Asker: 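Submitted below is the structure of interest, expressed as structure tokens.
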Amino acid sequence: MTTALSHIMPPPQEAIPLPQSKAPLTLTGWDHIAFSVPDLVAAERWYVEVLGAEVVGRYNWGGDTSHPVGPHEDIRIGAHIVSLFLGEPLEAAPPPRLFHYAFNCRTLEESDAWRAHLERQGVPYQGPIAHPGFGAVSLYFTDPWGTRLEIATWLSDFETAQAAALQRGGAVWGQTDRPSPG
């Protein structure tokens with residue numbers, strides 16, 4: 001399926017059947033995500049110091065010229081790889097499209113620790129925000145180049161998430177301004 005021009009179509013108001021896959025196999029998940037940053041050294045430092053990333057590899061910089069693609073690096077956050085390529089950052093889509101990358105943490109205590117860490121690092125954030133309809137509590141922030149990021153914590157249901165967010169001075173999505181820190 002290819003789309004030559006983008007046209008925003010509202011979802012149907014009537015029930016429609018779920019699509020059936022024609023794929024021969026089931027994918028196991030994301031391998032990596034990639035986006036551009038204007039300064040690899042500053043980006044590496046920010047992602048390591050602020051998000052605890054581990055540098056996996058640097059390509060076509062620091063003396064390496066063997067990689068067939070332009071200067072970039074791979075960092076690991078949890079079990080996932082983020083490839084940072086040298087270039088102009090893509091401007092994140094404005095609301096309501098809220099294009100972003102979300103990381104996961106296991107517990108509200110971890111989320112609290114991340115919130116305190118973001119504050120110590122001077123990173124503006126919004127949250128914790130509970131999401132109506134499901135049990136997630138999120139922190140929203142941007143990297144220095146405008147890439148929208150989220151740290152999500154999954155709880156059992158919306159009521160639990162709402163209570164946790166409000167207890168921590170947060171809000172409920174839709175009952176506050178949309179997340180757009182930075």
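Below, each value reflects all heavy atoms present in this structure, side chains not excepted, and no hydrogens, waters or symmetry copies. Owing to the predicted nature of the structure, the values given are computational and were not obtained by experimental measurement.
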Asker: Locate the shortest heavy-atom distance separating Pro38 from Pro89; write the atom from each residue and the value.
Answerer: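 Taking every non-hydrogen atom into account, CD-CD, 3.9 Å.
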
Asker: I'd like to know if the side chain of Tyr59 pairs up with that of Asp64 as donor and acceptor (distance under 3.5 Å, no hydrogens or angles considered).
Answerer: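 No, Asp64 and Tyr59 have no side-chain donor paired with an acceptor closer than 3.5 Å.
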
Asker: Can you check whether Pro128 reaches Leu139 side chain to side chain, under 4.5 Å on heavy atoms?
Answerer: yes

Asker: Please tell me if the side chains of Leu51 and Leu149 come closer than 4.5 Å, counting only heavy atoms from C-beta onward.
Answerer: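 Answer yes - side chains close enough.
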
Asker: Mind running side-chain contact (heavy atoms from CB on, under 4.5 Å) on Phe141 and Thr147 for me, showing each step along the way?
Answerer: CA-CA 8 Å; Phe141 55 102; Thr147 302; over 6 Å; no

Asker: Would you say the side chain of Ile151 lies within less than 4.5 Å of the side chain of Ser138, judging by non-hydrogen atoms?
Answerer: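 Ser138 does not reach Ile151 side chain to side chain.
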
Asker: Given 3.5 Å as the limit, does a donor-acceptor pair link the side chain of His117 with the main chain of Val50, or not?
Answerer: yes

Asker: What distance separates Ile77 CD1 from His32 NE2, expressed to the nearest 0.5 Å?
Answerer: 13.5 Å

Asker: Tell me the closest heavy-atom pair linking Asp39 and Leu86, and the distance in Å.
Answerer: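 The answer is N-CD1, 4.2 Å.
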
Asker: Is the closest side-chain heavy-atom distance between Phe85 and Leu40 below 4.5 Å?
Answerer: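 Not in contact.
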
Asker: Answer with yes or no whether the hydrophobic clustering places Leu108 together with Phe103; edges join I, L, V, M, F, W, Y residues whose side-chain heavy atoms lie under 4.5 Å apart.
Answerer: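 Different clusters.
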
Asker: So, for Glu73 and Glu44, which heavy atoms are closest and what is the spacing to 0.1 Å?
Answerer: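 Nearest heavy atoms, Glu73 then Glu44: OE1-OE1, 2.8 Å.
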
Asker: Measuring from atom OG1 of Thr153 to atom CD of Glu150, what distance do you get when rounded to the nearest 0.5 angstrom?
Answerer: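 Those atoms lie 9.0 Å apart.
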
Asker: Stepwise, does the side-chain contact (heavy atoms from CB on, under 4.5 Å) test hold for Trp154 with Val137?
Answerer: CA-CA 7 Å; Trp154 287 88; Val137 174; over 6 Å; no

Asker: Closest approach of Ala53 and Val48, non-hydrogen atoms and distance?
Answerer: O-CG2, 3.4 Å

Asker: Just by modelled atom types, is the Val56 backbone N or O under 3.5 Å from a matching donor or acceptor in the Asp74 side chain?
Answerer: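 Side chain of Asp74 to backbone of Val56, a donor-acceptor pair under 3.5 Å: no, none is there.
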
Asker: As an exercise, state the distance from CG of Leu166 to CD1 of Ile129, rounded to the nearest 0.5 Å.
Answerer: 9.5 Å

Asker: Taking the side chain as C-beta and beyond, is there a heavy-atom pair between Val55 and Tyr47 under 4.5 Å?
Answerer: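 Val55 vs Tyr47: side chains apart.
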
Asker: Between Trp114 and Gly52, what is the shortest heavy-atom contact and its length?
Answerer: CH2-N, 4.5 Å

Asker: Find the distance between OH (Tyr125) and OH (Tyr140) and round it off to the nearest 0.5 Å.
Answerer: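 Here the interatomic distance stands at 14.5 Å.
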
Asker: Are more than 12 heavy atoms, taken from residues, nucleotides or ligands other than His131, located less than 6.0 Å from that residue's NE2 atom?
Answerer: yes

Asker: With distance as the sole test, does Trp46 use its side chain to make a donor-acceptor pair with the main-chain N or O of Pro144 at under 3.5 Å?
Answerer: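 Judged by distance alone, no pair lies under 3.5 Å.
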
Asker: Working to the nearest 0.5 angstrom, can you tell me the gap between Gln162 CD and Leu155 CG?
Answerer: 12.0 Å

Asker: Count the heavy atoms belonging to other residues, nucleotides or ligands that lie under 6.0 Å from CD of Glu14, then report whether that count exceeds 12.
Answerer: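 Enclosed.
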
Asker: Show every salt bridge (Lys or Arg N to Asp or Glu O under 4.0 Å) that has at least one partner inside residues 154-173, sequence neighbours left out.
Answerer: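 Listed once each, the pairs are Asp112-Arg168.
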
Asker: May I ask you to decide if Arg106's main-chain N or O and Glu110's side chain share a donor-acceptor pair within less than 3.5 Å?
Answerer: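 It does hold such a pair.
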
Asker: Apply the test side-chain contact (heavy atoms from CB on, under 4.5 Å) to residues Leu84 and His72: give CA-CA distance (whole Å), side-chain angles for both, the deciding distance (0.1 Å), then the verdict.
Answerer: CA-CA 5 Å; Leu84 302 172; His72 70 285; 5.9 Å; no

Asker: How far apart are the closest heavy atoms of Cys105 and Ser111, and which atoms are they?
Answerer: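 Residues Cys105 and Ser111, closest heavy atoms: SG-N, 3.7 Å.
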
Asker: Would you mind reporting whether Tyr101 and Phe35 have side-chain heavy atoms less than 4.5 Å apart?
Answerer: yes

